[in-house]
Undergrad: 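My structure is below; once you've seen it, I'll send some questions.
If you read the sequence from its start, that first residue is 1, and numbering goes on from there. None of these values were measured; they are calculated from a predicted model. As a basis for the values below, the full set of heavy atoms in this structure was taken, side chains included, without hydrogen atoms, waters or symmetry mates.
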Amino acid sequence: MHNGIVFMRSSSGSFLGSFLGVRIRRLVALTFAWLACIVAPPAMAADCPGHPNALGTSRTLVVDPREHPRLGIMQYSETLPLADHEVVLTFDDGPLPRNSNQVLEILASQCVKATFFAIGRMAQSSPEGVRKLRDAGHTIGTHTQDHPLSMNRMSIERDRQEIDEGITSVKAALGADADTTLAPFFRIPGLRRADIVEGYLAAQGIQVWSTDFLADDWRHISSSRVYDLAMKRLEARGKGILLLHDIQARTVAALPRILNELKARGYHIVHVVAATAERPATPTEPEQWRSHPENVAIARWPKIPHFIFADAGALPAPSLSDFNLLDDQPIALKVASAGRCAAAGNAVAPARRDSA
């Protein structure tokens with residue numbers, strides 16, 4: 001007996017004792033991890049000065065990209081190991097100062113931390129916008145250099161170029177501490193996944209993020225519709241990764257209501273960061289990462305698994321006009337292999353059918 005625990009012995013007693021010991025240690029670690037999640041209160045008045053009714057960030061989840069290289073039930077068999085009523089907020093396509101700054105202000109008012117997937121060219125146009133994400137304590141990942149919508153059809157050389165240049169641009173915006181402040185997190189534009197792309201990212205130790213549900217905020221819909229879809233789809237699953245876009249005015253308008261409703265319905269925000277030598281991954285069990293119900297990986301977005309959104313059907317991909325790139329400074333984006341499209345003044349480049 002050791003600390004009240006009896007180890008069974010047999011002809012293979014040493015093996016059985018070691019096995020049980022490992023299982024017990026893992027169980028104890030998990031128990032303490034989950035107790036920390038339950039006991040630690042969300043950031044409220046004391047942690048969010050001037051905002052006594054803040055939603056707050058309930059806990060930080062540390063993940064190892066090499067152990068779990070692909071996340072999101074829309075496309076993969078694993079997603080983040082969240083408890084019921086836990087939500088991870090993610091934002092794509094920024095920074096675009098006019099709207100991204102407002103998103104940051106809204107999140108700050110609720111003491112909420114999120115993950116942002118920045119586009120390289122946007123980082124070049126607004127490096128201070130990337131630094132604002134860092135200074136506010138958010139997680140920063142990347143989203144290619146030019147947001148091509150054909151990574152599942154491009155050559156591996158072009159895919160690598162988009163990935164690598166996007167990382168380089170965001171690092172340049174971050175400056176000297178880029179290696180420690182840029183997370184090895186990546187989201188494929190339009191979720192146009194391909195084995196060769198995922199293989200390259202995994203070899204670099206970069207985690208691919210899909211999503212668990214969407215709010216269709218890239219489409220020309222009202223902010224009320226964005227709110228309705230976000231809450232309806234979250235309620236259908238009860239937890240998960242939400243994909244939003246910080247460049248969209250409709251998202252800015254919907255976000256305060258989404259955050260207030262999350263608090264009203266008892267949801268908790270989880271902030272995700274990457275593991276490092278000094279910051280080990282949060283203890284978890286493999287079962288916690290598995291999608292429930294199990295689903296076959298989706299080869300082409302935006303087909304939606306019927307068990308998530310029973311009445312959603314196939315979501316149309318947005319056009320470039322949905323980027324709404326009307327700001328103080330023009331921003332150029334490259335569209336697949338069609339060359340560069342410039343948005344100058346109040347002009348927006350001609351739209352393609354596919355975007356995200």
Undergrad: Looking only at heavy atoms, what is the nearest atom pair of L191 and T211, with distance?
TA: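 Scanning both residues completely, I find the closest heavy atoms to be CD1-CG2, 4.2 Å.
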
Undergrad: Taking all non-hydrogen atoms of both residues into account, name the closest pair between A230 and I258 and its distance.
TA: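 Shortest heavy-atom separation between A230 and I258 comes out as CB-CD1, 4.0 Å.
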
Undergrad: So, R134 side chain and L174 main chain: donor-acceptor pair closer than 3.5 Å or not?
TA: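 At least one qualifying donor-acceptor pair exists.
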
Undergrad: So how far is it from F213 CZ to K239 NZ, rounded to the nearest 0.5 Å?
TA: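 The distance works out to 12.0 Å.
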
Undergrad: Can you name the closest pair of heavy atoms from S210 and Q75 and give their distance?
TA: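 Answer, listing the atom of S210 first, then Q75: OG-OE1, 2.7 Å.
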
Undergrad: Minimum heavy-atom separation for S109 to A54, with atom names?
TA: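 Answer, listing the atom of S109 first, then A54: O-CB, 4.2 Å.
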
Undergrad: Provide the closest heavy-atom pair for L229 versus A215 in the form atom of the first, atom of the second, distance.
TA: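 Minimum heavy-atom contact is CD1-O, 3.7 Å.
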
Undergrad: Under a 4.0 Å threshold between the charged nitrogen and the carboxylate oxygen, would R257 count as salt-bridged to E261?
TA: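 Between R257 and E261 there is no salt bridge, as every charged N stays at least 4.0 Å from the carboxylate O atoms.
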
Undergrad: Check for a donor-acceptor pair, side chain of S58 on one end and backbone N or O of I269 on the other, with a separation under 3.5 Å.
TA: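 Present.
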
Undergrad: Between D92 and D246, which heavy-atom pair has the shortest distance, and what is it?
TA: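 Between these two residues, the closest heavy atoms are O-OD1, 2.9 Å.
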
Undergrad: For the side chain of T142 and the backbone of F186, is there at least one donor-acceptor N/O pair under 3.5 Å apart?
TA: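 The answer is no, because no donor-acceptor pair under 3.5 Å joins these two groups.
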
Undergrad: Given the rule in the side-chain hydrogen bond (donor to acceptor under 3.5 Å, both in side chains) test, do Y200 and D164 qualify, once you have shown the distances and angles that lead to the verdict?
TA: CA-CA 11 Å; Y200 176 69; D164 295 345; 2.8 Å; yes

Undergrad: Quick check: are there more than 12 heavy atoms from other residues, nucleotides or ligands sitting under 6.0 Å from CZ of R225?
TA: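 Result for CZ/R225: open.
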
Undergrad: Rounded to the nearest 0.5 Å, how far does CG of D177 lie from CZ of R131?
TA: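 Interatomic distance, R131 CZ to D177 CG, rounded to 0.5 Å: 10.5 Å.
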
Undergrad: Measure from the side-chain N and O atoms of N152 to the backbone N and O of A194, and report whether any donor-acceptor pair falls under 3.5 Å.
TA: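 The answer is no, because no donor-acceptor pair under 3.5 Å joins these two groups.
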
Undergrad: Checking R250 against H220 for the side-chain hydrogen bond (donor to acceptor under 3.5 Å, both in side chains) test, could you report, in this order, the C-alpha distance in whole Å, the side-chain angles of both residues, the deciding distance, and whether it holds?
TA: CA-CA 9 Å; R250 63 184 65 90; H220 290 301; 3.3 Å; yes

Undergrad: Less than 4.0 angstrom from a charged side-chain N to a carboxylate O is my criterion; do D146 and R121 meet it?
TA: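 Looking at R121 together with D146, the answer is yes, because their closest N to O distance falls below 4.0 Å.
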
Undergrad: Determine whether a donor-acceptor pair (N or O, by modelled atom type, separation under 3.5 Å) exists between the side chain of Q110 and the backbone of I106.
TA: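 The answer is no, because no donor-acceptor pair under 3.5 Å joins these two groups.
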
Undergrad: Please determine whether residues L55 and L234 belong to a single hydrophobic cluster, defined as Ile, Leu, Val, Met, Phe, Trp and Tyr linked transitively by side-chain heavy-atom distances below 4.5 Å.
TA: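 Same hydrophobic cluster.
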
Undergrad: Keeping to residues at least two apart or across chains, list the ring-ring contact (aromatic ring centres under 6.0 Å, His included) pairs with something in residues 100-138.
TA: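 Found F91-F116, F116-H138, F117-W209.
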
Undergrad: Check the pair L259 / L107 against side chain to side chain contact (heavy atoms under 4.5 Å, CB included), numbers first and verdict last.
TA: CA-CA 9 Å; L259 297 180; L107 295 177; 4.2 Å; yes

Undergrad: Per the side chain to side chain donor-acceptor pair (under 3.5 Å) rule, what does the pair list look like for residues 270-281, sequence neighbours excluded?
TA: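 Applying side chain to side chain donor-acceptor pair (under 3.5 Å) to every pair that reaches into residues 270-281, excluding sequence neighbours, yields T139-H271.
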
Undergrad: Is it the case that the side chains of E128 and S126 hold a donor-acceptor pair, with the cut-off being a distance below 3.5 Å and no angle test?
TA: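 Note: S126 and E128 side chains meet the donor-acceptor criterion.
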
Undergrad: Indicate whether the side chain of R59 and that of T282 have a donor and an acceptor atom separated by less than 3.5 Å.
TA: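 Checked: R59/T282 side chains show no N/O donor-acceptor pair below 3.5 Å.
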
Undergrad: H143 and side chain to side chain contact (heavy atoms under 4.5 Å, CB included): which partner among I188, I163, D93?
TA: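 Result: among I188, I163, D93, D93 is the only option passing the side chain to side chain contact (heavy atoms under 4.5 Å, CB included) with H143.
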
Undergrad: Taking the side chain from T57 and the backbone from K113, do they hold a donor-acceptor pair closer than 3.5 Å?
TA: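 Side chain of T57 to backbone of K113, a donor-acceptor pair under 3.5 Å: yes, one is there.
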
Undergrad: For E287, is there an ion pair with R290 - N to carboxylate O distance below 4.0 angstrom?
TA: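 Counted as a salt bridge, because a side-chain N and a carboxylate O are separated by less than 4.0 Å.
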
Undergrad: Could you see if I140 belongs to whatever hydrophobic cluster contains L201? Use Ile, Leu, Val, Met, Phe, Trp, Tyr and a side-chain cutoff under 4.5 Å.
TA: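 Yes, because I140 and L201 connect within a single hydrophobic cluster, where side-chain heavy atoms sit under 4.5 Å apart.
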
Undergrad: Can you tell whether the side chains of D216 and R233 come within less than 4.0 Å, N to carboxylate O?
TA: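 Salt bridge flag = yes for R233 with D216.
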
